[in-house]
Protein chains: 2
Amino acid sequence: MADPISAPGGRATLAKVAERAGVSLKTASRALSGEAYVTDETRSKVLQAASDLDYQRNSAASLLASGRLADSIGLVSGGFTNPFYSALAQAVEDGVRNQGMHLSVANSDESPEKERLVTHDLADRQTKALIVVSSMTDHAEYRQLQARGVPVLFVDRPAVNLEADSVVFDNQEGGRLAAAHLLAAQHRRIAFVGDYAWLPTYRSRIEGMASVLDESSAEWQSLVRPDAHSITDARARVGELLAMREPPTALVAGNNRILLGILEELSPVPVADRPAIVAFDDVEWARVLGITVVAGETDVMGRRAAELTVARLADRTRQTEQVVLPMRLTNRASA
Amino acid sequence: MADPISAPGGRATLAKVAERAGVSLKTASRALSGEAYVTDETRSKVLQAASDLDYQRNSAASLLASGRLADSIGLVSGGFTNPFYSALAQAVEDGVRNQGMHLSVANSDESPEKERLVTHDLADRQTKALIVVSSMTDHAEYRQLQARGVPVLFVDRPAVNLEADSVVFDNQEGGRLAAAHLLAAQHRRIAFVGDYAWLPTYRSRIEGMASVLDESSAEWQSLVRPDAHSITDARARVGELLAMREPPTALVAGNNRILLGILEELSPVPVADRPAIVAFDDVEWARVLGITVVAGETDVMGRRAAELTVARLADRTRQTEQVVLPMRLTNRASA
DNA sequence: TCGATGTATGACATCGCTGTCATACTGGCA
DNA sequence: TGCCAGTATGACAGCGATGTCATACATCGA
């Protein structure tokens, strides 16, 4: 009755399994990895021994010996509760897997400290390259990782102060599209409720809007409300705007969560009195609810990021590439 | 001027870097991994050599030599486009990281073949344990992986024909809650639009509903519509139901995507004429839209799954555990 | 001037596994 | 019977890094 063996000096190794099964190291290896040329009897003896000893193959040793190289790419983002990131993760996973590699994910919670932590952690362990949606405002410190041979690619937000590949949307164009659309619909008081003001995406969108609105007669500068990171924050900003003596006639939501906050805050307002809405990010429920959106293609972004990363892994000397993907306005009922 | 060295026989190794820098293997190792006791001069020589040679540390060798063990856990699900899975992934990642390990993700697209593919792929490579939302109806084949020393834990859908840990919701209870709620609101024609009929979650929910409705006077058996996997499918099922001579007065949505399909199909219907809705899964936009939902706590599910997996890694001999998490009805405006 | 201490480096074994090659046995066929 | 092809197994080296221990040099206080 197979004594359970309570770790008599650490994990069981293949050698111990082989010994217990009464076969050679190599035969045990064969049996465990399902190779041919092993009798059923031998195989089951080995399997039994392995199970008795609670054997777990040491994958590092296995990879090393077989010459296969570890093949993970790491993705760091603000967390999958945001559908934008999860769609991105999906696309990246797809791309990475198509290139025969694996995706490890980690979550920064949009905190620079946590980002630093998890990127190093990933780099120290199995990961050969990093794809990151960064929450830092300066990326000089990433040079360290690059020097250690871990290429880093920035998605959604470009690298600042660092030479690196990146894939982002043309957020200025996005801002322009949103502004022009509302302007054309005769709106003259246009508000923007956005996420953190330090986000490059935030800034670019504002710049884009400015380029259209500043030369119009519309009022908007005074109606910009940043730092609506949570739904609750967004609601507060919207409440504030609606309470103005002359409330905006149109609202631009900086992302899908903000849109949710807007909708929640607007729900008691009679439909006829609601301001027009244009939101950044396209998500399924926005389509169903008929919200006009400005967005780029997340899956293209993810796929390109994966491709570029693999390409760089294959050739470190290539020039860094800055991919800028277009944004489009999809007109629906809300504006 | 550092000749780029175009792979003269594969990747550069530490040995080559050391040679080029004119130092010993060990010194090079120290320099690259930031250990103490290296002169700045030496360190920069090594760094330069590494960069010249395009050196990437072989993480397998590193892990093996240092005795640290590879530490990834794999998560296989139907893909992050479904917010339920992404919320789950988020929670699992959190739990796994708290235990000092990493999460690798893979996507089965709800296909048994792809599931087989990616689970083996993960197991062969870096992963020590697997957490899977399975799309198979029988899990006997997972015994193979278990025998190879890779524990498997099933989330959301229980293991069939296999002894394994699992964490699921009490879907029967969920079905009962939904049915009882609608019954109490005087509904007598209650429809259920669900995902694939082979899903254990589907079946349990139906069973739960049956246990309440079968002994009532309500009509429902003829109003069950399975296989609404996509939003489009869901719309079609709903359209069919609404076109009946005596359409249902209440709709139960099997998950959040189906709810979306229902809402889309219902959008042309005057609000006053819309059927009551109860949906499974709780997502943010459902809260904002005031949809009554039946759901369990996804983050608890993810966290428990991570904990259990790590626990099993630590002790293979423990009894398998079947965790059943409660479901709750959150009453909002839609029913 | 001489140990004592601390810093910088190197030699070498070693981690646990798999690839290669050699060996032994089996059955079928000329 | 003898040979060959196919099957089953084992011995052994080596994957590429790091830990351990030894060594060499510099600095410092007595």
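To find a chain, count down the sequence lines: A is the first, B the second, and so on, and within it residues start at 1. The figures here come from the full heavy-atom set of this structure, side chains too, leaving out hydrogens, waters and symmetry mates.
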**Fill in**
When B:K26 and B:A61 are each assigned the nearest nucleotide of DNA chain D, the 5'-most assignment goes to B:A61
**Message:** What contact category does A:S33 fall into here, base, sugar-phosphate, or nothing, at under 4.0 angstrom with non-hydrogen atoms?
**Reply:** nothing
**Asked** Any N or O donor-acceptor pair linking the side chain of A:R30 to the base of C:dG19 at under 3.5 Å?
**Response** no
**Request:** Compute whether any side-chain donor of one residue and acceptor of the other, for B:Q56 and A:R316, lie under 3.5 angstrom apart.
**Result:** yes
**Asked** How about B:T317 and B:D315: does a side-chain donor come under 3.5 Å of a side-chain acceptor?
**Response** yes
**Prompt:** Taking atom P of C:dG19 as reference, at what distance in whole Å does atom CD of A:E35 sit?
**Reply:** 6 Å
**Message:** I want to check one thing: is the phosphate of D:dG16, taken as OP1 and OP2, less than 4.0 Å away from some side-chain N or O of B:T13?
**Reply:** no
**Request:** Kindly say if A:T39 contacts the phosphate of D:dA8, meaning a side-chain N or O under 4.0 Å from OP1 or OP2.
**Result:** no
**Prompt:** In whole angstroms, how far is the P atom of C:dA8 from the CG atom of B:D40?
**Reply:** 9 Å
**Message:** Checking side-chain contact (heavy atoms from CB on, under 4.5 Å) between A:L130 and each of A:T309, A:I73, A:L122, A:L75, which is the one that passes?
**Reply:** A:L122
**Message:** Whether A:S29 contacts C:dC17 is assessed here as follows: a side-chain N or O lying under 4.0 Å from the phosphate OP1 or OP2. Is that the case?
**Reply:** no
**Item:** Atom-pair distance (OH on B:Y55; C1' on D:dG16), nearest Å
**Value:** 8 Å
**Fill in**
When A:L14 and B:S24 are each assigned the nearest nucleotide of DNA chain C, the 5'-most assignment goes to B:S24
**Asked** Just by distance, with hydrogens left out, do B:S104 and A:S104 show a side-chain donor and acceptor under 3.5 Å apart?
**Response** yes
**Request:** Mind jotting down which residue pairs meet the salt bridge (charged side-chain N to carboxylate O under 4.0 Å, His left out) criterion with at least one end in residues 21-36 of chain A? Sequence neighbours excluded, please.
**Result:** none
**Request:** Classify the nucleic acid contact of B:L25 as base, sugar-phosphate or nothing, counting any heavy atom under 4.0 Å across all strands shown.
**Result:** base
**Asked** A:S66 side chain N/O closer than 4.0 Å to the phosphate oxygens (OP1, OP2) of C:dG19?
**Response** no
**Item:** Spacing between B:N58 atom CG and D:dT18 atom P, to the nearest angstrom
**Value:** 10 Å
**Item:** Rounded interatomic separation in angstrom, taking CG from B:L53 and P from D:dG16
**Value:** 14 Å
**Asked** What is the nucleic acid contact for B:S59, judged by heavy atoms within less than 4.0 Å: base, sugar-phosphate only, or nothing?
**Response** nothing
**Message:** Between B:R57 and D:dT18, is there a contact of a side-chain N or O with OP1 or OP2 at under 4.0 Å?
**Reply:** yes
**Request:** Round to the nearest Å and state the distance from B:L64 atom CG to C:dT18 atom P.
**Result:** 12 Å
**Asked** Rounded to whole angstrom units, what separation is found between the OH atom of B:Y37 and the C1' atom of D:dA24?
**Response** 15 Å
**Asked** Which whole-number value in Å describes the distance from A:E41 CD to D:dT7 P?
**Response** 18 Å
